[in-house]
Amino acid sequence: MLHEHRKPRHHFDLRLEQAGVLRSWAVPRGMPVRPGENRLAIAVPDHDLDHLTYQDADKSIHDIGTWTGEDRTDRRFVFTLHGRDTDRRYALIRTPAGWLLHLMADQSTR
């Protein structure tokens, strides 16, 4: 799931359902749009599943769907988001300074 927030500053929240919670990352500049592009992803506390459908005046659901994990190590997590209109492969990469969200060059299409 991808939430779009308009306050306090415009950003997106990537939320992946796992083990009964939503693992969450704030993505201040939005999701990468070109293969090979990286964006800062700030890990935030897990959210309850009721956030899947939560919206208000400042937060809306930008995209919703499912995800599949492909590869995971301590430093990298590769997954595919299956959204409303497209599938996109990403990697969350842990760096000494935090996380990067990377749009994989190898993309499948629907």
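In this text, all values refer to a predicted model and were calculated from it rather than measured experimentally. Along the sequence shown, residues are numbered consecutively beginning with 1.
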Less than 4.5 Å apart, side chain to side chain, heavy atoms only: is that true for [X] and [Y]?
{"X": "Met31", "Y": "Leu2", "result": "yes"}
{"X": "Leu81", "Y": "Phe79", "result": "yes"}
{"X": "Thr80", "Y": "Glu70", "result": "yes"}
{"X": "Arg88", "Y": "Thr86", "result": "yes"}

Is the closest basic N to carboxylate O distance between [X] and [Y] below 4.0 Å?
{"X": "Asp74", "Y": "Arg94", "value": "no"}
{"X": "Glu37", "Y": "Arg39", "value": "yes"}
{"X": "Lys59", "Y": "Glu4", "value": "no"}

Distance-only donor-acceptor check, side chains [X] and [Y], under 3.5 Å:
{"X": "Arg89", "Y": "Gln107", "result": "no"}
{"X": "Thr66", "Y": "His82", "result": "no"}
{"X": "Ser60", "Y": "His3", "result": "no"}
{"X": "Asp58", "Y": "His5", "result": "no"}

Requested in this report: Could you walk me through whether Val44 and Ser24 pass the side-chain contact (heavy atoms from CB on, under 4.5 Å) test, one step at a time?
Outcome: CA-CA 6 Å; Val44 297; Ser24 300; 3.4 Å; yes
[atom1] of [X] to [atom2] of [Y]: how many Å apart, nearest 0.5 Å?
{"X": "Asp63", "Y": "Phe12", "atom1": "CG", "atom2": "CZ", "answer": "10.5 Å"}
{"X": "Thr95", "Y": "Ile93", "atom1": "OG1", "atom2": "CD1", "answer": "9.0 Å"}
{"X": "His102", "Y": "Asn38", "atom1": "NE2", "atom2": "CG", "answer": "6.0 Å"}

Query raised in the report: What pair of heavy atoms forms the shortest contact from Pro28 to Leu40, and how long is it?
Result: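 Answer, listing the atom of Pro28 first, then Leu40: CD-O, 3.5 Å.
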Report task. Identify the two heavy atoms, one from Ala105 and one from Pro35, that lie closest to each other, and give their separation to 0.1 Å. Result ->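 It is CA-CB, 3.7 Å.
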Query raised in the report: Just by distance, do the side chain of Arg84 and the backbone of His62 share a donor-acceptor pair under 3.5 Å?
Result: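 The answer is yes, because a donor-acceptor pair under 3.5 Å joins these two groups.
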Report task. Group every Ile, Leu, Val, Met, Phe, Trp and Tyr by side-chain heavy-atom contacts under 4.5 Å, then state whether Phe77 and Leu101 land in the same group. Result ->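 Yes: a chain of side-chain contacts under 4.5 Å links Phe77 to Leu101.
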Report task. Give the cluster check for Val27 versus Leu100: same hydrophobic cluster or not, with ILVMFWY residues linked at side-chain heavy-atom distances below 4.5 Å. Result ->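 In one cluster with Val27: Leu100, no.
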Query raised in the report: Is the distance between the ring centroids of Trp25 and Tyr90 less than 6.0 Å?
Result: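 That pair fails the under 6.0 Å test.
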Requested in this report: Could you identify which residues cluster with Ile61, counting Ile, Leu, Val, Met, Phe, Trp and Tyr as linked when any side-chain heavy atoms lie under 4.5 Å apart, either directly or through a chain of such contacts?
Outcome: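 Met1, Leu22, Leu49, Leu52, Ile64, listed by chain and number.
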Query raised in the report: Is the number of heavy atoms from other residues, nucleotides or ligands within 6.0 Å of CZ (Arg6) greater than 12?
Result: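 Yes.
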**Report entry** Qualifying residue, where the test is side chain to side chain donor-acceptor pair (under 3.5 Å) with His47 and the options are Arg15, Glu17, Arg23
**Finding:**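 Option passing the side chain to side chain donor-acceptor pair (under 3.5 Å) with His47: Arg15.
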